[in-house]
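Lettering follows sequence order; numbering is per chain, from 1.
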Amino acid sequence: MRIATWNVNSAKQRLPRMMPWLAERKPDVVCLQETKLSDVAFGELFGEPLAALGYEFAHHGEGQWNGVALLSRVGLVDVRPGFPGQPDFGGRSEARAVSATCGGIRVYSLYVPNGRVVGSDHYAYKLDWLDALAADVAAGPAELALCGDMNIAPSDADVFDPAAYVGQTHVTAPERERLAALGLTDVVRKRWPAERVFSYWDYRAGMFHQDLGMRIDLVLTSTSVADRVAAAWVDRAARKGTGPSDHAPVIVDLDEAPDGDIGPVVPPPSNPKRGGRTRLPQAR
DNA sequence: ATGCCTAGGTATCCTAGA
């Protein structure tokens, strides 16, 4: 099963990039963020083209800002917009989370608040929002994948220049502590433990061309899901060319779930003709 | 240079993104 997450920065503007990408990458489940559409507008724009590719969808939007969606062709059940205890901002609930069960996994599409300025009301909102999310995750099912624009770089390795981010949101200890407190596995970092991997590059000043970015779009899974990861990567090709989002998709491939009937995995017997261990060729 | 893009909405500039 292939799961992808992509902050598209306006689904309406990105439609010419999204549909060919879906046809090429063929993800089974897609988490979208920053659709910037109402539910009605998303359905009008994407309903028919998604159905033609075999996707069901669940969209949770406002219109102007935010907006998240789930696309699936492996089932889409128990759809839930938002999560219990999700805080408001400015007295209004924002469309930043939608979850559903797809292919046996509880999948969340998340657009974590930006935080704007450290110490601001929006920053406090971001931390509260993450606390409430952690409480929901702790109460949730074991097969879990939190996907989306977390607006947090998990470590200094996830920004192009840590010195440039001192005092900025996305890198502060309170944000990182809350990300870690979710208790999930960052499957792209696990797969590429020491590599330079970014998922967002500012549109300005040739940042993408110079690979000056941040890794803030994450797939965080429970251990049972992390153990099935066969591939995990950032699809940088989707950030190239004409009219891209400023974020690239993150793609994760999972092996089939163990069905419980195959019994313990037994290592193959050694070859008796060789009398034990196979030896590597020896250097002279 | 607190900018350099991009998007949405209202309107020909503002907010927001990160």
Side-chain angles (χ1 to χ4, degrees), chain A residues 5-18 31-42 44-46 59-69 88-97 109-127 129-130 148-176 178-179 196-218 234 236 238-250:
Chain A
T5 182
W6 194 5
N7 179 324
V8 293
N9 184 17
S10 173
K12 182 180 178 182
Q13 294 302 318
R14 217 59 60 213
L15 190 145
R17 295 296 299 258
M18 292 167 64
C31 304
L32 301 175
Q33 301 86 38
E34 284 208 86
T35 62
K36 298 183 179 176
L37 290 172
S38 67
D39 294 342
V40 169
F42 186 89
E44 288 174 352
L45 278 166
F46 284 89
H59 185 268
H60 176 43
E62 302 169 25
Q64 184 175 3
W65 303 117
N66 309 312
V68 288
D88 295 346
F89 184 71
R92 289 183 24 253
S93 178
E94 297 185 315
R96 294 181 175 276
S109 179
L110 300 173
Y111 178 45
V112 175
N114 172 289
R116 297 179 188 167
V117 175
V118 175
S120 67
D121 288 350
H122 207 260
Y123 180 77
Y125 165 56
K126 182 179 193 174
L127 300 183
W129 200 94
L130 290 162
D149 179 357
M150 306 301 170
N151 269 322
I152 301 170
S155 79
D156 281 354
D158 299 305
V159 298
F160 74 91
D161 179 9
Y165 286 92
V166 172
Q168 305 291 314
T169 58
H170 295 63
V171 302
T172 68
E175 292 165 88
R176 287 175 170 171
R178 280 163 177 79
L179 198 63
R196 182 184 180 96
V197 184
F198 300 137
S199 66
Y200 161 85
W201 301 261
D202 197 301
Y203 282 121
R204 295 171 288 187
M207 298 287 271
F208 177 71
H209 182 68
Q210 302 169 77
D211 197 24
L212 304 178
M214 310 174 78
R215 194 175 67 90
I216 56 177
D217 300 273
L218 309 176
V234 174
R236 293 182 80 258
R239 180 63 177 76
K240 300 178 181 178
T242 304
S245 170
D246 43 2
H247 297 251
V250 179

Requested in this report: For DNA chain B, find the residues of residues 148-166 of chain A with a heavy-atom distance under 4.0 Å and give them by number; none if there aren't any.
Outcome: A:D149, A:N151
So does [X] get a side-chain nitrogen or oxygen closer than 4.0 Å to the phosphate oxygens (OP1/OP2) of [N]?
X: A:N7; N: B:dA18; result: yes
X: A:R204; N: B:dT6; result: no
X: A:Y111; N: B:dA18; result: yes
X: A:H247; N: B:dA18; result: yes

Hey, does the side chain of [X] reach the backbone of [Y] with a donor-acceptor pair shorter than 3.5 angstrom?
X: A:R14; Y: A:G243; answer: yes
X: A:Y200; Y: A:D217; answer: no
X: A:Q33; Y: A:Y111; answer: no
X: A:R215; Y: A:R196; answer: no
X: A:T5; Y: A:V250; answer: no

Between [X] ([atom1]) and [N] ([atom2]), how many Å, whole number?
X: A:F198; N: B:dA18; atom1: CZ; atom2: C1'; answer: 14 Å
X: A:D246; N: B:dC4; atom1: CG; atom2: C1'; answer: 14 Å
X: A:D121; N: B:dA16; atom1: CG; atom2: P; answer: 12 Å
X: A:D202; N: B:dG17; atom1: CG; atom2: P; answer: 14 Å
X: A:Y200; N: B:dT6; atom1: OH; atom2: P; answer: 12 Å
X: A:N114; N: B:dT6; atom1: CG; atom2: C1'; answer: 15 Å
X: A:R96; N: B:dG17; atom1: CZ; atom2: C1'; answer: 10 Å
X: A:K126; N: B:dA16; atom1: NZ; atom2: C1'; answer: 14 Å

Requested in this report: Identify whether any heavy atom of A:M214 sits under 4.0 Å from a base atom; if not, whether one sits that close to sugar-phosphate; answer base, sugar-phosphate or nothing.
Outcome: sugar-phosphate
Query raised in the report: At under 4.0 Å between heavy atoms, what does A:E34 touch on the DNA or RNA strands: base, sugar-phosphate, or nothing?
Result: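 Sugar-phosphate contact only.
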Query raised in the report: Can you name the nearest heavy-atom pair linking A:K126 to A:I152, along with the distance?
Result: CE-CG1, 4.0 Å
Requested in this report: Return the minimal non-hydrogen interatomic distance between A:A238 and A:P244, and the atom names on each side.
Outcome: O-CB, 3.8 Å
What interatomic distance, in whole Å, is found between [atom1] of [M] and the corresponding atom of [N]?
N: B:dT6; M: B:dT10; atom1: P; value: 23 Å
N: B:dA18; M: B:dC5; atom1: C1'; value: 12 Å
N: B:dA11; M: B:dA7; atom1: C1'; value: 15 Å
N: B:dT12; M: B:dT2; atom1: C1'; value: 23 Å
N: B:dC4; M: B:dC13; atom1: P; value: 15 Å
N: B:dT15; M: B:dG3; atom1: P; value: 11 Å

Query raised in the report: Per the side-chain contact (heavy atoms from CB on, under 4.5 Å) rule, which among A:W129, A:W65, A:F89 passes with A:E94?
Result: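 The option that passes is A:F89.
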**Report entry** Close side-chain approach of A:V159 to A:M214, heavy-atom, < 4.5 Å
**Finding:** yes
Requested in this report: Examine the side chains of A:E34 and A:N7 and answer whether a donor and an acceptor come within less than 3.5 Å of each other.
Outcome: yes
Distances under 3.5 Å only, N/O to N/O: pair up the protein atoms with those of nucleotides 7-9 of chain B.
unit_1, atom_1, unit_2, atom_2, d
B:dA7, OP1, A:R14, NH1, 3.4
B:dA7, OP1, A:R14, NH2, 3.3
B:dA7, O3', A:S10, OG, 3.4
B:dG8, OP1, A:S10, OG, 2.5
B:dG8, OP2, A:Q13, NE2, 3.0

Query - Under-4.0 Å salt bridge between A:D156 and A:R176 - result: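 So A:D156 pairs with A:R176 through a salt bridge.
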Report task. Starting from the 5' end of DNA chain B, give me the residue, A:T169 or A:A205, whose nearest nucleotide shows up first. Result -> A:A205
